[in-house]
Structures are given as structure tokens and as C-alpha cells.
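Because the structure is a prediction, the values reported are computed rather than measured.
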Amino acid sequence: MIIVEKSLLNNNPFLHIVKKSIQQKKLPLIIFTHGFTSAKENNLHYAYLLAEKGFRVILPEAIYHGERDQGLTEKDLYSHFWEIVIKTIHELNDYKEYYVEEGLAAPEQIGLAGVSMGGIVTLGALTKYKWVKVAVSLMGMPAYEEYLHWQLAQMKNLGVNLDFADEQIAEQVSVLRQYDLSLQPNMLEDRPLLFWHGKKDPIVPYELTYRFYQSVKENYIKKPENIHFITDEHADHKVSREGLKATVEWFEKHLLQ
């Protein structure tokens with residue numbers, strides 16, 4: 001039986017998914033982050049399949065989303081995008097610390113994954129946390145600075161004014177560079193990393209992600225099996241069944257060792 005437990009950590013809601021028969025054991029841990037304007041419950045199908053394989057899975061709720069909603073309009077929420085990403089990266093460590101200290105997570109078997117914004121969070125976290133042993137980015141991208149400028153250009157083209165002064169943008173860029181994996185690819189250190197991305201994605205440009213993959217795969221010359229990119233030629237901003245299955249198989253292969 002798979003149990004889904006609703007919990008709080010530091011007053012932040014999250015879901016804990018695990019096999020009932022092993023819920024008190026020290027298990028490999030996966031923290032799976034949802035996308036922008038989404039919520040933790042929307043990734044329960046990933047968590048269920050991963051829990052079936054013997055993982056303990058945490059689905060955190062990002063600030064301003066789901067149960068942490070503060071009534072922001074989508075435009076207001078968009079202006080907080082990078083605040084949400086960075087705050088979520090910091091909160092990942094809280095979940096890791098809690099489950100390791102409780103003896104419920106094996107510290108050498110911790111993985112991260114996420115969809116869209118959650119994939120962006122996952123890739124940023126690789127610059128900060130050596131405890132991340134395996135990662136999966138579904139429609140995410142690591143080039144924070146480039147993506148910020150792409151977002152601003154998109155908003156301008158749509159006639160949306162986010163009221164950011166040049167000084168604010170420069171300040172945001174200086175913060176984002178600290179988490180920009182494309183500027184510090186050496187932080188990967190051969191850790192297993194899977195990408196899934198639709199070629200027709202209008203939200204997170206496929207090119208930003210694939211270009212990064214092409215630039216770092218040569219760094220995996222000693223462990224080429226540790227990096228993989230799945231391109232869906234027809235998908236836009238929605239992960240296919242293949243992407244779901246590949247995520248489970250990636251963690252099964254690299255995190256259960």
C-alpha cells in the first residue's frame with residue numbers, strides 16, 4: 001500500500017508519499033518540485049510510481065502556490081518568479097535536513113526532480129548542494145540569466161509592462177548568476193542528470209536546455225551513462241508518458257545503487 005501523508009515543515013505544507021510497509025525505514029529520498037501556477041498534488045502520479053519502487057518522495061508546495069497562495073494575480077505571480085525559484089531552492093535543504101536527521105532518508109541517496117519551474121529549481125540546486133546525488137529536469141533549464149532576459153523580451157512583445165527598472169534587472173541578474181548552472185557547469189561533478197524537453201515548448205525554450213546539455217556532455221567522458229537528454233519532437237509544454245517513465249527509470253538506475 002502507498003500512503004500519501006499531508007504534513008508541515010516550518011509551517012510549509014508538503015506531501016509525503018511512501019510504501020506503508022517501509023515508511024519507518026531509512027530510504028532513498030526524492031524531492032519533486034511542481035511548476036509555475038501549479039501545485040504539489042499535480043505531481044502525485046510521479047510520486048506514486050517512485051514510491052512503488054521503494055523511494056520516499058516529498059512534494060513541496062512553493063511559495064504563493066497551492067496552500068501557500070496569497071491571492072496574487074498571474075501577472076503579479078510572474079513578477080515574483082525568480083523569488084519563488086530561489087526561495088524553493090533554499091527550502092529544499094530543510095526537507096533534506098529533516099528526513100536525514102529523523103533517520104528516514106539515506107544521506108548518500110537523495111535525488112531532486114521537477115517539472116518546468118521545478119526543473120529550473122532542480123538545476124539551480126545543483127550549484128548549491130553536493131548532497132544531490134541524482135537529478136531530473138523535465139522542461140527545466142539551467143541558464144538563469146539568459147532565461148530572465150528571454151522572459152523580459154517575451155513580456156515586452158506581449159505588451160506587458162512588469163515595471164522593472166534597469167537597476168532592478170541588474171540586481172536580479174547578479175543574484176541569479178549564483179544559481180546559474182550554465183555559468184558553473186563544473187558543479188555537476190559527473191552526477192547523474194536526465195533532461196526531458198519538448199522541441200515545441202513555448203514557455204521554457206528547448207534551445208537553452210539542449211545547448212547546455214551539448215556543452216557539458218563532454219565533461220562526462222568517464223561516465224557517459226550519467227547524462228542523457230530526451231527530446232520530444234512534437235511536445236510543447238507538457239511532459240509525455242515517456243517522460244514520466246524515463247524519470248522513474250532514471251532514479252531506479254542511479255539512486256537505488
Atom pairs and distances, side-chain donor-acceptor, residues 114-123, under 3.5 Å, sequence neighbours left out:
from : atom 1 : to   : atom 2 : distance (Å)
S116 : OG     : H237 : NE2    : 2.8
T122 : OG1    : A113 : O      : 3.4
T122 : OG1    : G118 : O      : 2.9

Side-chain polar contacts of residues 85-93 - donor-acceptor pairs under 3.5 angstrom, sequence neighbours left out - could you list them?
from : atom 1 : to   : atom 2 : distance (Å)
T88  : OG1    : I84  : O      : 2.7
H90  : NE2    : Y179 : OH     : 2.9
E91  : OE1    : R68  : NH1    : 2.9
E91  : OE2    : N12  : ND2    : 3.4
E91  : OE2    : R68  : NH1    : 3.4
E91  : OE2    : R68  : NH2    : 3.0
N93  : OD1    : W131 : NE1    : 2.9

In residues 20-31, what donor-acceptor pairs under 3.5 Å come from side-chain atoms, sequence neighbours left out?
none

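Here OH of Y78 is found 15.0 Å from CG of L72. Values are rounded to the nearest 0.5 Å. Atom-to-atom distance recorded for K199:NZ and D236:CG is 15.0 Å, nearest 0.5 angstrom. Here the CE-NE2 distance, from M141 to H197, works out to 9.5 Å after rounding to the nearest 0.5 Å. For the atom pair N43 CG and L138 CG, the distance stands at 8.5 Å (nearest 0.5 Å). The CD atom of E242 lies 10.0 Å from the OG1 atom of T247; values are rounded to the nearest 0.5 Å.
With contacts defined as side-chain heavy-atom distances shorter than 4.5 Å, the pair R191/N226 does not qualify. Looking only at side-chain heavy atoms (C-beta outward), L244 and L49 come within less than 4.5 Å of each other. Counting heavy atoms from C-beta on, the side chains of S182 and Y144 never come closer than 4.5 Å.
Within the structure, every pair that satisfies the salt bridge (Lys or Arg N to Asp or Glu O under 4.0 Å) test and touches residues 205-224, not counting sequence neighbours, is listed here: E146-R211. Here salt bridge (Lys or Arg N to Asp or Glu O under 4.0 Å) pairs that include residues 128-144, with residues two or more places apart or in two chains, are E108-K133, K130-E189. For residues 245-257, the pairs satisfying salt bridge (Lys or Arg N to Asp or Glu O under 4.0 Å) are K53-E252, with sequence neighbours left out.
Evaluation of the side chain to side chain donor-acceptor pair (under 3.5 Å) rule for Q109 yields no partner, not counting sequence neighbours. Taking the side chain to side chain donor-acceptor pair (under 3.5 Å) definition, one finds that H34 meets it with nothing, sequence neighbours left out. Every residue was checked against the salt bridge (Lys or Arg N to Asp or Glu O under 4.0 Å) condition with E101, not counting sequence neighbours, and none meets it. In this structure, the side chain to side chain donor-acceptor pair (under 3.5 Å) partners of H16, at least two apart in sequence or on a different chain, are E5, R56. Remark: Q184 pairs with no residue by the side chain to side chain donor-acceptor pair (under 3.5 Å) rule, at least two apart or across chains. For the salt bridge (Lys or Arg N to Asp or Glu O under 4.0 Å) test, residues two or more places apart in sequence or in another chain that qualify with E145 are R177.
Taking the ring centroids of W196 and F229, they lie at or beyond the 6.0 Å cut-off. Proximity of the aromatic rings of Y64 and H80 is defined here by a centroid distance below 6.0 angstrom, and this criterion is met.
Connection of V136 to L255 is established within a shared hydrophobic cluster, with ILVMFWY side chains joined at heavy-atom distances below 4.5 Å, either directly or through further cluster members.
Around CG of L8, the count of heavy atoms belonging to other residues, nucleotides or ligands within 6.0 Å exceeds 12.
Using cut-offs of 30° and 60° for the angle between ring planes, the Y210 and Y213 rings count as tilted.
The two residues Y147 and I203 come nearest to each other via the heavy atoms OH-O, 2.8 Å.
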